[in-house]
Trainee: 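Mind having a look at this structure? Questions to follow.
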Amino acid sequence: MVHNGLMVIDMHTHSNISDGTDTPAQLVSAAAASGIAVVALCDHDTMDGVAAAQAAGADTGVTVVRGIEMSTQLGDDTVHLLAYGCDPGNEALAQALADVREGRQQRVPRMVAALRAAGVPITVEDVMAQAASCSTLGRPHVADALVALGVVSDRREAFDVWLNHGRPGYVGHLRIDLDRGTSLVHQAGGVCVLAHAWGRGTRSVLTPGVIAWLAEDAGLDGLEVDHNDHLRQERTMLRALAAANDLIVTGGSDYHGTGKVNHALGCHSTSQRSYQAIMALIAERGGCP
Ligand code: AMP
Ligand code: ZN
Ligand code: FE
Ligand code: FE
């Protein structure tokens, strides 16, 4: 995909190693078919899909960037942190991610119990049947089990009725403190970008003051501006905030295969200049693209 003669660089996608529906290889093939030049695989709390995606990239001419979407917390709120180019051999980061995945696993029986208490006859096995391929379990797998049981018709309805914060099946899980997340990413040679900073209720949390603090004192490198959860005006304001705080501006589709509507591969993208700035930082820090 080429817009105005520019390369399309999609810095935010998910495979079925977390809660997307394409295998890493299928995702990369789909990117190649759409003419996308660069795609970052950012599965939740894992890099387990990256090797397969990069192998598929070598076959199809798509550059695959090693990414993670980390589940972090600021106060009580969940903040998603995109990390690029982290060394998979870095033990502190690997252990922190393993802890989060373990917490996500422990959450499943609690969600099942909460749903059963609300009258939904779901079992842990029903959820696990939807998660055969993955390293990271999430609410979308519970949603898929609810669809398979005929309780709801799609993931969106599952979230709206049962799984969103405040609904009967909602259970939180272990997250890393946001500033510990940024520090782990730096120690692993990576680059960290706040994902959809003003999407889904985090606008009141990630205020301009907090973003300035993150940039100055917590090592934040960039801001994902172009994302479906942001309105046009919000993008304009976030772009200005990025400029004021010397943060790299990125964009990405947050593609989840058939798991999320209106998030087609390449629907949002990152400029070549920002992409090069990220890759240069990874090289400078000794990371692993
Ligand atoms: P978790 O990290 O396990 O708490 O689940 C959050 C994931 O659910 C995120 O990756 C979202 O992409 C996904 N998600 C949240 N709301 C919806 C929705 N309405 N439809 C589909 N996926 C959703
Ligand atoms: Zn997801
Ligand atoms: Fe996210
Ligand atoms: Fe995402």
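For ligands, and for the atoms within them, numbers begin at 1 and follow the listed sequence.
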Trainee: Just checking: D19, one of its N/O/S atoms, less than 2.8 Å away from the Zn ion (ligand 2), yes or no?
Mentor: yes

Trainee: Less than 4.5 Å apart, any side-chain heavy atom of P88 and any of R66?
Mentor: yes

Trainee: At under 4.0 Å between heavy atoms, is it the side chain or the backbone of K260 that contacts ligand 1, or both, or neither?
Mentor: side chain

Trainee: Would D19 and R139 count as a salt bridge (charged side-chain N to carboxylate O under 4.0 Å, His left out) if you check the C-alpha gap in whole Å, the side-chain angles of each, and the deciding distance to 0.1 Å?
Mentor: CA-CA 8 Å; D19 56 3; R139 281 181 286 167; over 6 Å; no

Trainee: So does H80 have any N/O/S atom less than 2.8 Å away from the Fe ion (ligand 3)?
Mentor: yes

Trainee: Could you confirm whether H14 has any N/O/S atom lying under 2.8 Å from the Zn ion (ligand 2)?
Mentor: no

Trainee: Checking Y255 against D22: is there a side-chain donor and acceptor pair closer than 3.5 Å?
Mentor: yes

Trainee: Under 4.0 Å from any heavy atom of R156, which atoms of ligand 1 are there?
Mentor: 19 (N), 20 (N)

Trainee: So is R155 polar-close to ligand 1, meaning N/O to N/O under 3.5 Å?
Mentor: no

Trainee: Specify the closest pair of heavy atoms between V64 and G57, including all atoms of both residues, with the distance to one decimal.
Mentor: CG2-CA, 4.1 Å

Trainee: Tell me, which N, O or S atom in H256 is closest to the Zn ion (ligand 2)?
Mentor: NE2

Trainee: Give the contacting part of E69 toward ligand 1: side chain, backbone, both or neither, where contact means a heavy-atom distance below 4.0 Å.
Mentor: neither

Trainee: What residue among H12, H196, H14 forms ring pair (Phe, Tyr, Trp, His ring centres under 6.0 Å) with H80?
Mentor: H196

Trainee: N/O to N/O below 3.5 Å, does that happen between N164 and ligand 1?
Mentor: no

Trainee: Which atom pair, heavy atoms only, marks the closest approach of L238 to I211?
Mentor: CD2-CD1, 4.4 Å

Trainee: Which residue and non-hydrogen atom of the protein lie closest to atom 3 (O) of ligand 1, and at what distance in Å?
Mentor: R107 NH2, 2.5 Å

Trainee: Atoms of ligand 1 less than 4.0 Å from P140 heavy atoms?
Mentor: 5 (O), 7 (C), 8 (O), 13 (C)

Trainee: Just to confirm my output: which protein heavy-atom neighbour is closest to atom 4 (O) of ligand 1, and how far is it?
Mentor: R139 NE, 2.7 Å

Trainee: Any side-chain heavy atom of H256 within less than 4.5 Å of one from P140?
Mentor: no

Trainee: Can you pull out the closest protein heavy atom to atom 15 (C) of ligand 1? Residue, atom name and distance to 0.1 Å, please.
Mentor: F159 CE2, 3.4 Å

Trainee: Examine E69 and say whether one of its N/O/S atoms is closer to the Fe ion (ligand 3) than 2.8 Å.
Mentor: yes

Trainee: Looking only at distance, does D160 have an N or O less than 3.5 Å from an N or O of ligand 1?
Mentor: no

Trainee: At less than 4.0 angstrom from any non-hydrogen atom of H256, what atoms of ligand 1 do you find?
Mentor: 10 (O), 12 (O)

Trainee: Could you pull out the closest heavy-atom pair between P121 and L149, with the gap in Å?
Mentor: O-CD1, 4.3 Å

Trainee: Would you mind listing which atoms of ligand 1 come within a distance below 4.0 Å of any non-hydrogen atom of G259?
Mentor: 21 (C)

Trainee: Please state which part of D254 comes within less than 4.0 Å of ligand 1, counting heavy atoms only: side chain, backbone, both or neither.
Mentor: neither

Trainee: For ligand 1, which atoms sit closer than 4.0 Å to a heavy atom of G138?
Mentor: 3 (O)

Trainee: Determine whether L223 and N245 make a side-chain contact, defined as any pair of heavy atoms from C-beta on separated by less than 4.5 Å.
Mentor: no

Trainee: Please identify which of these residues, V225, L206, T202, D221, meets the side-chain contact (heavy atoms from CB on, under 4.5 Å) condition with L194.
Mentor: L206

Trainee: What closest approach, in Å, do R107 and G172 show between heavy atoms, and which atom pair accounts for it?
Mentor: CD-O, 3.3 Å

Trainee: Verify whether one side chain among T78 and R175 offers a donor that lies under 3.5 Å from an acceptor in the other.
Mentor: yes

Trainee: Heavy-atom pairs closer than 4.0 Å: do any link ligand 1 to the side chain of R104, the backbone, both, or neither?
Mentor: side chain

Trainee: Check whether any N or O atom of H44, backbone or side chain, sits under 3.5 Å from an N or O atom of ligand 1, and answer yes or no.
Mentor: yes

Trainee: What do we get for M111 next to ligand 1 when only non-hydrogen atoms under 4.0 Å count, side chain, backbone, both or neither?
Mentor: neither

Trainee: Considering all heavy atoms of both residues, which atom of D10 and which atom of G252 are nearest to each other, and what is their separation?
Mentor: OD1-CA, 3.4 Å

Trainee: Starting from atom 7 (C) of ligand 1, which protein heavy atom do you reach first, and at what distance in Å?
Mentor: D19 OD2, 3.6 Å

Trainee: Can a side-chain donor-acceptor contact be found between D126 and Q130 if the only test is distance below 3.5 angstrom?
Mentor: no

